[in-house]
Each structure stands twice: as C-alpha cells, then as structure tokens.
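Worksheet: one structure, shown below.
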Amino acid sequence: CQTGEVAADPQLYDQSYLSPVTIGNSELMLDFDTGSADLWCFSTESPAVQSAGHGLYNPSTGTELDGAFWDITYGDQSAASGNVFADKVVVGGVTATKQAIEAATSVSYEFTEDVASDGLLGLAFSSINTILPQPQTTFFDTVRNTLAKAVFTVDLKKGAAGSYTFGYIDSSKYSGAITYVPVNTANGFWQFTADGYSGGGNNASTGRGGVAIADTGTSLLYLPASVAKGYYSGVQGASFDFRQGGYTLPCSATPPDFNVAIGGKTFTVPGSYINYAPLRAGSSTCFGGIQADSGIGFSIFGDVFLKAVYAIFDDSGSSPKLGFAAQ
Ligand SMILES: Cc1ccc(-c2noc([C@H]3C[C@@H](O)CN3)n2)cc1F
C-alpha cells in the first residue's frame with residue numbers, strides 16, 4: 001500500500017505551483033492540475049526553439065504507444081500536443097510502473113515562456129484525457145488501487161511551499177472537521193455545489209451559490225458576475241478594467257475577507273489573498289484575486305481559494321467526494 005507526499009513550490013505571485021516528478025530517468029517540475037487529465041511534458045522531441053530552458057523527458061527509457069497522439073487546449077487557450085510513451089513515474093515515493101507519458105512535439109508560447117514548468121500532471125477524471133484513439137488514465141487513476149486509500153490531498157499556501165499527498169489524509173495539515181460534499185463527474189472535473197457567498201460589498205449573504213470546480217491549475221477564484229461585482233462594490237478604488245479584462249484594485253488596499261459556504265460550513269479567504277498581483281512590475285494597481293466566471297459555465301475555485309483550505313480529493317468510496325477543512 002503506497003502513500004507519498006511531494007512539495008508544491010509557488011511560482012511568482014502564486015501564479016502556479018510546481019512539484020518534482022521522476023519520469024523515466026529525468027526529474028521534471030510539473031504543474032499539478034485538478035482541472036485537466038493529461039500528464040504531458042517537454043521532451044527531446046520538442047522543437048528546441050519551444051523547449052529552450054525546460055527540463056526534457058527522453059522517451060528512450062519508455063515504450064511508444066503506437067498510433068497514439070494527444071492535443072490539449074486549456075481554459076486560457078494555451079495548448080500543447082504530441083505522442084505517447086509508457087514509462088515509470090514516481091511522485092513523492094508513489095510509483096506508477098507504466099504511466100502514459102504525453103511527450104510534447106508542439107507547445108504554445110505560454111508554455112515556452114513559463115520556463116520553470118516542464119509540463120502538467122492532470123488530476124481530473126480520466127474521462128477527459130485527450131489521448132486518441134484510446135484515452136489513458138491519469139497518474140492518480142493508474143496508482144489508485146495501490147494506494148493505502150484512494151485519495152489525494154492539496155495543501156497550497158500563499159507565498160510558501162505547500163504539498164500534495166497521495167494515499168492518505170494528513171491530520172496535521174488542518175484544524176476542525178472535514179466537510180465533505182458530493183462530486184458530479186459528468187464533465188470530468190471535481191465539480192461540486194457551493195451554497196452561498198458573503199463578504200465585501202456582499203454584506204448580506206448572496207444566498208444563491210452555484211456549480212463550481214476545484215482547480216489547482218487555475219490561479220484565481222472565478223465567481224458568478226453578481227458575486228464578484230458585489231464583492232468589489234465594498235472595496236475602495238476597485239473597478240472593472242475592460243483593458244485588463246477584470247477587476248483591479250489599489251495594491252495598497254487591504255480588501256475585506258471573502259466567505260464561501262460549502263456543505264453547511266463557511267470557509268474564509270483572507271482579504272490579502274484577493275489583492276493578487278501588480279498589473280506589471282512596479283505598478284500600484286493590482287489585479288483582483290476574485291474575478292467573474294462569465295462565459296465559463298461554472299465557477300472555478302482556483303489557487304486563491306485552495307490556499308485558504310486543506311482540500312481532500314476522495315475517490316475511495318462508491319462515488320467521488322471533495323472534502324474541505326480550515327488550514
Ligand atoms: C502556461 C500555462 C497555461 C495554462 C495552464 C493551466 N493549467 O491548468 C489550467 C486550468 C484551466 C483549465 O484548463 C484546467 N486547469 N490552466 C498552465 C500553464 F503553465
């Protein structure tokens with residue numbers, strides 16, 4: 001029965017978190033993403049102009065999955081594609097002897113420029129893996145029957161290293177009780193229902209909650225437009241900036257805390273997490289950590305929310321569930 005833990009290292013402004021993964025005989029830094037289901041990495045097959053500065057997977061240690069290819073586009077329209085090998089993957093001591101490794105033969109500029117990241121490790125449901133003609137399993141699905149308990153946990157932190165555990169829940173990482181809610185896997189995400197929101201200009205609870213996904217690969221907290229608007233109506237100097245494509249606020253502001261009701265429990269995002277980052281280096285205007293989820297179809301509980309809680313992604317029972325606890 002395997003268990004393991006791996007660090008989650010924050011990148012600038014907590015834009016993403018990277019974890020060390022051994023693939024074949026390379027150690028790469030991957031962005032663990034509960035909002036997608038492909039494990040892909042830069043490789044010796046990637047064009048040098050796209051892979052300069054990145055760690056590379058060398059497929060010579062793997063076995064090619066003949067005729068298999070993959071092509072993924074993320075929420076921000078960044079993309080990558082390539083072919084597939086089976087190879088050994090080790091995450092925090094947990095070993096998958098034959099994991100589908102998606103070697104990139106092409107990536108969009110966002111990935112080329114993100115030189116700290118050597119690829120992504122998807123932790124959503126394997127139903128949305130993009131490998132054709134036959135989708136393959138995520139790392140978690142590959143190892144889940146060898147784990148002491150079919151769970152992984154997420155403990156992200158603001159401006160500090162957090163961790164992912166596989167196969168166990170670490171009671172030292174949270175306080176109080178864990179609140180569990182059911183997960184709807186129809187879209188392949190860790191999708192749940194939030195009961196309601198309050199905080200900022202939303203002084204009265206805005207009651208209605210809505211459908212949301214827990215997404216470690218998204219930096220911010222995307223909420224119904226009415227909730228985002230209500231929140232910033234209580235923040236001096238905040239406004240919706242069409243040029244920036246979202247709400248901005250003075251970097252000098254200490255915004256009010258934001259509360260989310262889930263499973264009858266209230267979880268608080270400290271206001272400081274919502275003063276996210278300067279628009280560009282040296283700017284005194286910052287981009288807000290809460291933004292509207294307009295056009296997405298559901299809310300996205302990204303890192304701004306996840307770094308305020310301890311999150312349990314549990315597929316050990318008859319149906320998957322999400323647990324949240326105060327950190
Ligand atoms: C350069 C770059 C761009 C995007 C992403 C990215 N990773 O996860 C996600 C979110 C959105 C949804 O697609 C699934 N989870 N986005 C990572 C990158 F390193």
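Positions are given from 1, in the same order as the sequence printed here. When a ligand or atom number is given, it counts from 1 through the structure's own listing order.
Looking at atom 11 (C) of ligand 1, its nearest protein heavy atom turns out to be Thr218 OG1, 3.5 Å. In terms of protein heavy-atom proximity, atom 14 (C) of ligand 1 is nearest to Gly35 O, 3.3 Å. From the protein, the heavy atom lying nearest to atom 3 (C) of ligand 1 is Asp76 OD2, 3.0 Å. Of the protein's non-hydrogen atoms, Gly217 O, 3.4 Å is the one closest to atom 16 (N) of ligand 1. With respect to atom 2 (C) of ligand 1, the closest heavy atom belonging to the protein is Phe111 CE2, 3.3 Å.
For Asp33, a nitrogen or oxygen atom sits less than 3.5 Å from a nitrogen or oxygen atom of ligand 1, counting backbone and side chain alike. For ligand 1, the polar-atom distance check finds an N/O of Gly75 within less than 3.5 Å of one of the ligand's N/O atoms.
Proximity to Ser78 (heavy-atom distance under 4.0 Å) selects the following atoms of ligand 1: 3 (C), 4 (C). Close contacts of ligand 1 with Asp114, meaning ligand atoms under 4.0 Å from a residue heavy atom, involve 19 (F). Of all atoms in ligand 1, numbered sequentially from 1 with element shown, those under 4.0 Å from a heavy atom of Glu110 are 1 (C).
We find that Asp87 and Lys98 are not joined by a salt bridge, their nearest charged nitrogen and carboxylate oxygen being 4.0 Å or further apart. For Asp315 and Arg144, the salt-bridge test passes: some basic side-chain N is under 4.0 Å from an acidic carboxylate O.
Remark: side-chain polar atoms of Thr193 are not paired, donor with acceptor, to backbone N or O of Gly210 under 3.5 angstrom. In this structure a side-chain-to-backbone donor-acceptor pair under 3.5 Å is missing from Asn187 to Phe189.
Looking only at atom types and distance, the side chain of Asn259 has a donor-acceptor partner in the side chain of Ser198 under 3.5 Å away.
Using a 4.0 Å cut-off between heavy atoms, Ser117 makes no contact with ligand 1 at all.
Remark: aromatic rings of Tyr222 and Phe301 are distant, center separation not under 6.0 Å. Separation of the Tyr276 and Tyr247 ring centroids does not fall under the 6.0 Å cut-off.
One distance of note links CG of Leu221 with CG of Asp215; it measures 11.5 Å at 0.5 Å rounding.
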